[in-house]
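In the text below, chain A, chain B and the rest are named by the order of the sequence lines, each starting its count at 1.
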Amino acid sequence: MSQQQLLPGLPDDIARECLIRVPYRGFPTARSVCRLWKRELDSPCFYRIRKGAGLTRSVVAFAQAESAPATGSSAVKKTPCYRLSLFEPATGAWSLLPPVPGLPHGLPFFCRIAAAERELVVVGGWDPKTWAASDGVHVYDFATGSWRRGAPVPGPRRSFFACATASVGGRVAVVVAGGHDEEKNALRSAMAYDVASDTWSPLPDMAMQRDECRGVCLDGRFYVIGGYSTEAQGRFSRTAEALDVAAGQWGAVEEDKLDEGTCPKTCVVGGDGRLYMCRGDQGLQLTLLDAAGWRVVAEVPADARVAPELVPWDGGLMVMGSETHGGAQTGYIMEPGTATWKKVEVPPEEYSGNIHAGCCLEI
Amino acid sequence: MSEGTKEPDGGEEKVVLKTHDGQEFTVDMATANQSGTLKNLLSEVGSSSNNPQVIPLPSSITSRVLGKVVEYCQRHAAGGGRRGGMQALEQFDEELVELDKDMLLDVTYAAAFLDVPRLLDLTSQAVADAIKNMSVEEVRHYFGVVSDFTEEEEKVIRSECPWAFE
């Protein structure tokens, strides 16, 4: 019996050159062709080679409302349905992920999303109908083109927590920390979700309670920035603390990470490994933290200043925001190495809805 | 095929590529050097206009296939400086890979064998894009790949991602 080839007529090493170039949208098709293709597509090696050859693409994902809420005082206010929209900075193309099975009213409000290699993890949020905090975890695999349910978040039903992806010894974990429980008590606890084994493990508590804190990963550390204690309701702390992910230990509290007590929601790590965030009293500015402190990089365009969502992608940045509260979303990208915004085309009917979370995948 | 009998014009170094089916392609060094394989070979054996080196190619690279590769290499040896600049070159690349499946795979093989990286990139991307734009059944049929999934496995795969089969 002759050995089956990946592509009849081509040696496998050349056929592999073809398969690693299949755009990510073609993954589910390719892995459904036969066992050999499935094994190829499912192998971690496939993604390593693809990435090494520079064939991966940045895809920015948003938890976004179906359409811009109607302005004015319309009679019946419809509950907006949140879903995941995707934007590719390289092509400017927008698309939607299939809806999550079992969530007929869309994604939970204020859910967190995190990229774990070729998977997207949706954690927590509020039930769109009852507004009850959810412990749900949903994982979308770009290889299979399908959703699966993950193990629920253990412990109290947590809202407005820090959430980011960390790499631990070659394994990918989604780390969550802080937020508040169902009695609105700010939390110090933290835990990690190992995506491959679908298991949660506890982490040591943070030094401080941090509700509405922000989580970012940098150099093997999971930084939790800002937030506030139960007593301080809404008065944001300027401090941060970092978990050494491999060691599972929190470092000392950094007192002056932020130079003002402000909501750290837009804090992200840029391609240069520095912290960026949108802030400012008059207008809104994109600022970065270097050795001398926070400094202004660029103004955030006026039509994206309200409730901006900042997402880093492949060395660049993207911001989505609106001009007025509840207004249509406008988007801008900043190419790597530049400090100027370029407006992106946002199809108004489908992709101008309110945004609750964003992250970027390399696939 | 016209290249096969063309006389060298001037004293430039030339090399003759001979396919298994007997066709000869006389090309200049700039064209040959687009291929890593030929470049390496020629740096060892050398070639001249009066006595050009004849390089025999394996049977899997037919004259029709080699014609495509030579066309690509000649055009790229000239670079974007001629005939309409980079834009024309990009358009040339795009049109070059509009081939039927067998030809596309054969040119992919030749590009890999002759080590013409950018041509290999073009053709393998064309194969990849074809896969992306097809349903699973179409991919199987088009590339002649036989599904060896059991009925049970096929059922699971179809339920995971029904749209890939539409």
Side-chain angles (χ1 to χ4, degrees), chain A residues 1-42 46 49-50 53-57 91 93 95-99 101 139-149 363, chain B residues 58 60 65 97 100-150 152-166:
Chain A
M1 209 177 94
S2 70
Q3 189 77 34
Q4 200 185 344
Q5 285 178 310
L6 282 169
L7 279 171
L10 273 188
D12 278 355
D13 56 339
I14 304 175
R16 211 161 271 135
E17 288 290 334
C18 302
L19 288 185
I20 58 169
R21 284 174 173 76
V22 172
Y24 69 88
R25 280 173 215 292
F27 289 173
T29 303
R31 75 186 283 287
S32 305
V33 168
C34 65
R35 282 186 183 169
L36 211 54
W37 284 38
K38 183 170 184 290
R39 201 180 312 142
E40 192 68 23
L41 271 283
D42 286 349
F46 177 81
I49 297 172
R50 214 174 124 81
L55 296 167
T56 53
R57 185 170 274 184
T91 60
S95 57
L96 286 176
L97 281 189
V139 183
Y140 182 79
D141 186 346
F142 280 83
T144 61
S146 60
W147 286 98
R148 67 170 187 272
R149 245 201 126 101
I363 31 175
Chain B
S60 47
V65 172
V97 294
D100 65 57
K101 188 260 301 178
D102 287 338
M103 190 65 180
L104 184 58
L105 293 189
D106 287 347
V107 175
T108 304
Y109 176 80
F113 179 86
L114 291 168
D115 185 20
V116 188
R118 286 199 302 171
L119 178 60
L120 177 61
D121 188 39
L122 272 179
T123 54
S124 43
Q125 188 63 58
V127 174
D129 289 340
I131 294 169
K132 185 201 72 172
N133 293 326
M134 289 180 190
S135 73
V136 176
E137 291 294 1
E138 282 169 333
V139 173
R140 287 172 181 166
H141 179 74
Y142 190 75
F143 291 103
V145 181
V146 181
S147 165
D148 51 0
F149 289 128
T150 62
E152 207 46 45
E153 286 171 331
E154 179 92 10
K155 216 187 269 171
V156 171
I157 286 219
R158 278 176 188 265
S159 70
E160 259 181 354
C161 199
W163 58 263
F165 287 83
E166 280 156 19

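- Two residues are said to be in side-chain contact when any heavy atoms from C-beta on lie closer than 4.5 Å; A/Trp37 and B/Val136 fail this criterion.
- Atoms SG and CZ, on A/Cys18 and B/Phe143 in that order, are 7.5 Å from each other to the nearest 0.5 Å.
- A distance of 11.5 Å separates CD in B/Glu137 from OG1 in A/Thr29, rounded to the nearest 0.5 Å.
- Residue contact with chain A, scored on non-hydrogen atoms closer than 4.5 Å, is absent for B/Thr123.
- Shown here for A/Pro23 and B/Ala128, the closest heavy-atom pair between the two residues is CD-O, 4.1 Å.
- Side-chain contact between B/Leu120 and A/Ile14 is present, with at least one heavy-atom pair separated by less than 4.5 Å.
- Proximity to chain A (any heavy atom under 4.5 Å) is shown, for B/Ser159, by neither the backbone nor the side chain.
- Looking only at side-chain heavy atoms (C-beta outward), A/Lys38 and B/Glu153 stay at 4.5 Å or farther from each other.
- From A/Arg31, atom CZ reaches atom CD1 of B/Ile157 across 5.5 Å, with rounding to the nearest 0.5 Å.
- In this structure, no portion of B/Asn133 lies under 4.5 Å from any heavy atom of chain A.
- Residue A/Ser32 comes nearest to B/Phe149 through the heavy atom pair O-CE1, 3.3 Å, listed as atom of the first residue, atom of the second, then distance.
- For the pair A/Cys34 and B/Ser147, the tightest heavy-atom approach, listed with the atom from each and the gap, is CB-CA, 4.0 Å.
- Here the side chain of B/Arg140 pairs a donor or acceptor atom with the backbone of A/Val33 at under 3.5 angstrom.
- Options A/Pro11, A/Pro8, A/Ala15, A/Gly9 differ in how many heavy-atom pairs under 4.5 Å they form with chain B, and the most are formed by A/Pro8.
- Neither the backbone nor the side chain of A/Ile20 comes within less than 4.5 Å of any heavy atom of chain B.
- Annotation: the span from B/Lys132 atom NZ to A/Arg21 atom CZ amounts to 15.0 Å, rounded to 0.5 Å.
- Dense packing is recorded around NZ of B/Lys101, with more than 12 heavy atoms of other residues, nucleotides or ligands lying under 6.0 Å away.
- Interatomic distance, B/Gln125 CD to A/Leu55 CG, rounded to the nearest 0.5 Å: 7.0 Å.
- Each of B/Leu105, B/Asp106, B/Val127 was checked for a side chain to side chain contact (heavy atoms under 4.5 Å, CB included) with A/Leu10, and the lone residue meeting it is B/Leu105.
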